[in-house]
**Q** 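Could you have a look at this structure, given as structure tokens, before my questions?
Atoms within a ligand are numbered from 1 in the order they appear, just like the ligands themselves.
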Amino acid sequence: MKNHYSVIIIGAGILGSALAYQLSHYEKSILVLEKAEDVSCGATKANSGIIHGGYTAKHTTLKGLYSIRGNRMYHSLSEKLGFPFQRIGSLVLGFNERDDTEIHYLLENGKANGVTGLKILTSQQVRNKEPLVNEQVTGALYCDETGIASPYEAAIAFAETAASHGVTIECNSEVIGIEKEGDCLKVSTVNAVYYTQAVVNAAGLYSDAVAAMIGEKTFTILPKRGEYLVLKRGAGTDFTTVIFQTPTEKGKGVLISPTTWNNLLIGPNAQETQDREDVGNSFEVLKSMYEQAKLSVPSLNLSSVIRYFTGIRATSDSKDFIIGRTQTPGFYQAAGIDSPGFTSAPAIAEDICTMLIEDGIISGNKRIPDFKRNPILLPSDLQPFSQIQEDITLAEGNPERIVCRCEQVREKTIEDALSRSIAINSIDAVKRRARAGMGACQGKFCRPRVQQYIQKELKTGEKVLMPKQKDEQLLAKLRKL
Ligand SMILES: Cc1cc2nc3c(=O)[nH]c(=O)nc-3n(C[C@H](O)[C@H](O)[C@H](O)COP(=O)(O)OP(=O)(O)OC[C@H]3O[C@@H](n4cnc5c(N)ncnc54)[C@H](O)[C@@H]3O)c2cc1C
């Protein structure tokens, strides 16, 4: 029947995308409804990208359970689905007796969660590992299971693979109503009406509002902002691990971490907000976050900062994830997924898939044993600038032509990103897939070129969506700090 699906997933962040990927292995019709113009536009595009070791989330919580399981799935997923992931380890730095007590608590909590690679390091051992760490450090908790990955690249890999294997992904499709109709659930979007046996709520910051549409008013999202600074590619070279501060009652501290593309990430802070779209940044807040980060690495400087951004955590009032069946038959939650939600997503998706099989919605017979996805671009593709310099002047139409100088993105890579299973129409969507515009000039050089490539792929009359401009004066002030 037209517009009838076995399962409808609401939201295409890392959760919705990981679940779509899981479900694409089964012979059923699956639909993902996403209100934004692309997948991974919510918290999934704006977080620290840490695959947490699993020692922070309290033992006995869902966060504790899923973070360790999710962590251990990333290596094979990244190999199969072609997104960058590195298990680089992490340090939680201590500077006083209180921190040392907390570090010992984290060690025991981690062991209880099943984390194996935990060690307490002395001040000297910390500085041997990370020579730029503050010499006042008294010790640290080291975890060799912590990893880094790019959250939006992972979500795109999940969603794209699902779409290549029969899942329908509808972007620009905000869900505005869910009703019971006979044996089905009726899901209304701004554009259409669909019928389904099961709905999975993976709507992030709006998961409480989506649940309330069907009368499930069991939790509230209390949004919490986190701001970041990004230093240009190369700045990550000075560090080999993720450097955390010891959590206190005031917050988890600010981290310093290399990214999989060798940028350096500094952040986040934690600010409660009533406004779920409040992603603005101010010089004062970024400056104070930078000063906090300097406690870990006093020599840190912002001369190569290229970008700032904000992500908003979908923290539930229970402070834990909300996962699984509800009072409404056929309505499932993957809600209140704040940190470590990126880490946990593949394991949560696996369990929701199992519930759908147990409830007779998914058959349980896998149709294809496994999928492999070709990466669009990997860090190992990067070459010394001298080797690619001449390719910048190649003529348009030459697949080897360098379109984005900073990140060495070739015409063939942009064409690849544009020809995959999810249709895209924005400069940011190309940037998340092919990295054009991620570099030091933040797209000043390549944006008009990328715009042309996208325009060629669009239907007549359809316009390329342009990104919001960053405040150059704010960046200039930050570089002088
Ligand atoms: C500052 C910060 C730092 C973090 N750091 C880490 C970290 O280092 N490691 C880690 O593991 N986790 C981290 N997290 C948590 C992680 O980012 C989230 O847990 C994860 O991205 C949540 O994914 P999601 O799919 O649930 O939500 P989202 O990515 O927000 O996706 C929800 C989607 O639902 C869509 N949607 C909403 N309402 C509707 C509707 N009515 N109809 C259709 N679609 C709708 C939205 O547009 C959105 O795309 C961090 C989060 C933040 C904010």
**Q** Does ligand 1 come near enough to Lys224 that some N or O of the ligand is less than 3.5 Å from an N or O of the residue?
**A** no
**Q** Going by the atom numbers of ligand 1, which of them fall below 4.0 Å from some non-hydrogen atom of Ile14?
**A**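 Counting atoms of ligand 1 from 1, those under 4.0 Å from Ile14 are 20 (C), 21 (O), 23 (O), 25 (O).
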**Q** With a distance cut-off below 6.0 Å to the six-membered ring centre and an angular limit of 45° from the axis, does Arg325 pair with Tyr332 as a cation-pi contact?
**A** no
**Q** Of the protein's non-hydrogen atoms, which lies at the shortest distance from atom 4 (C) of ligand 1, and what is that distance?
**A** Asn47 CB, 3.2 Å
**Q** State the atoms of ligand 1, each with its element, that fall below the 4.0 Å cut-off from a heavy-atom position in Gly13.
**A** 25 (O), 29 (O), 31 (O)
**Q** Determine whether the aromatic ring centres of residues His165 and Tyr21 are separated by less than 6.0 angstrom.
**A** no
**Q** Need the ligand 1 atom indices (1-based, order shown) with element for anything under 4.0 Å from a heavy-atom of Ile337.
**A**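 Near Ile337, meaning under 4.0 Å from one of its heavy atoms, ligand 1 has 18 (C), 19 (O), 22 (C), 26 (O).
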**Q** Between Ala202 and ligand 1, which residue portion shows a heavy-atom distance shorter than 4.0 Å: side chain, backbone, both, or neither?
**A**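 It is the backbone that touches ligand 1; the side chain stays farther off.
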**Q** Any atoms of ligand 1 less than 4.0 Å from a non-hydrogen atom of Ile312? List them with their elements.
**A** 53 (C)
**Q** Report the part of Val39 (side chain from C-beta onward, or backbone N, CA, C, O) that has a heavy atom under 4.0 Å from ligand 1; answer both or neither where that applies.
**A**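 Val39 to ligand 1: no contact under 4.0 Å from either part.
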**Q** Can you find a heavy atom in the side chain of Gln245 that is under 4.5 Å from one in the side chain of Leu295?
**A**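 They are in contact (side-chain heavy atoms under 4.5 Å apart), so the answer is yes.
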**Q** Is any N or O atom of Thr343, backbone or side chain, closer than 3.5 Å to an N or O atom of ligand 1?
**A** yes
**Q** Which heavy atom of the protein is the closest neighbour of atom 21 (O) of ligand 1, given with residue, atom name and distance?
**A**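 Its nearest protein heavy-atom neighbour is Thr44 OG1, 2.9 Å.
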**Q** Going by the rule side chain to side chain donor-acceptor pair (under 3.5 Å), which residues pair with Glu160 if we only count those two or more places apart in sequence or in a different chain?
**A** Arg373, Arg420
**Q** Centroid-to-centroid, Phe244 to His52, below 6.0 Å?
**A**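 Yes - the distance between ring centres of Phe244 and His52 falls below the 6.0 Å cut-off.
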**Q** Taking only heavy atoms of Ser48, which atoms of ligand 1 are found under 4.0 Å from at least one of them?
**A** 3 (C), 4 (C), 5 (N), 8 (O)
**Q** I need the contact type for Phe342 against ligand 1. Using non-hydrogen atoms and a strict under-4.0 Å cut-off, is it side chain, backbone, both or neither?
**A**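 Phe342 to ligand 1: contacts from backbone and side chain alike.
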**Q** With backbone taken as N, CA, C and O and side chain as the heavy atoms from C-beta onward, which portion of Ser17 lies under 4.0 Å from ligand 1: side chain, backbone, both, or neither?
**A**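 Contact part for Ser17 vs ligand 1: neither.
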**Q** What are the atoms of ligand 1, with element, lying closer than 4.0 Å to any heavy atom of Ser173?
**A** 43 (C)
**Q** Could you list all the side-chain hydrogen bond (donor to acceptor under 3.5 Å, both in side chains) pairs where at least one residue sits in residues 180-189, not counting sequence neighbours?
**A** none
**Q** So between Glu34, Glu37, Lys35, whose heavy atom ends up nearest atom 39 (C) of ligand 1?
**A** Lys35
**Q** So, 4.0 Å and heavy atoms of Ser67: is ligand 1 close enough to count as a contact?
**A** no
**Q** Working to the nearest 0.5 Å, report the span between CD1 of Ile352 and CD1 of Ile357.
**A**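 It comes to 12.5 Å.
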**Q** Please determine if Lys45 and Asp428 form a salt bridge, counting it only when a charged side-chain N lies under 4.0 Å from a carboxylate O.
**A** no
**Q** State the atoms of ligand 1, each with its element, that fall below the 4.0 Å cut-off from a heavy-atom position in Ile50.
**A** 7 (C), 8 (O), 9 (N), 10 (C), 11 (O)
**Q** Less than 6.0 angstrom separating the ring centers of Phe342 and Tyr74, yes or no?
**A**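 Between Phe342 and Tyr74, the centre distance is under 6.0 Å.
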**Q** For the CD atom of Gln333 and the CD atom of Glu216, what is their distance to the nearest 0.5 Å?
**A** 6.5 Å
**Q** With a heavy-atom distance limit of 4.0 Å, tell me whether Ile51 approaches ligand 1 through its side chain, its backbone, both, or neither.
**A** neither
**Q** What are the atoms of ligand 1, with element, lying closer than 4.0 Å to any heavy atom of Gly49?
**A**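 By the 4.0 Å cutoff, the relevant atoms are 8 (O).
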**Q** Please evaluate residues Ile148 and Ile50 with respect to the criterion side-chain contact (heavy atoms from CB on, under 4.5 Å), reporting the C-alpha separation (whole Å), side-chain torsions for both, the decisive distance (0.1 Å), and the verdict.
**A** CA-CA 5 Å; Ile148 51 173; Ile50 309 300; 4.0 Å; yes
**Q** What's the shortest distance from atom 2 (C) of ligand 1 to any protein heavy atom, and which residue and atom give it?
**A**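 Going by distance alone, atom 2 (C) of ligand 1 is nearest to Tyr228 OH, 3.5 Å.
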**Q** Before accepting this row, confirm whether a basic side-chain N of the pair Asp38/Arg433 lies closer than 4.0 Å to the acidic partner's carboxylate O.
**A** yes
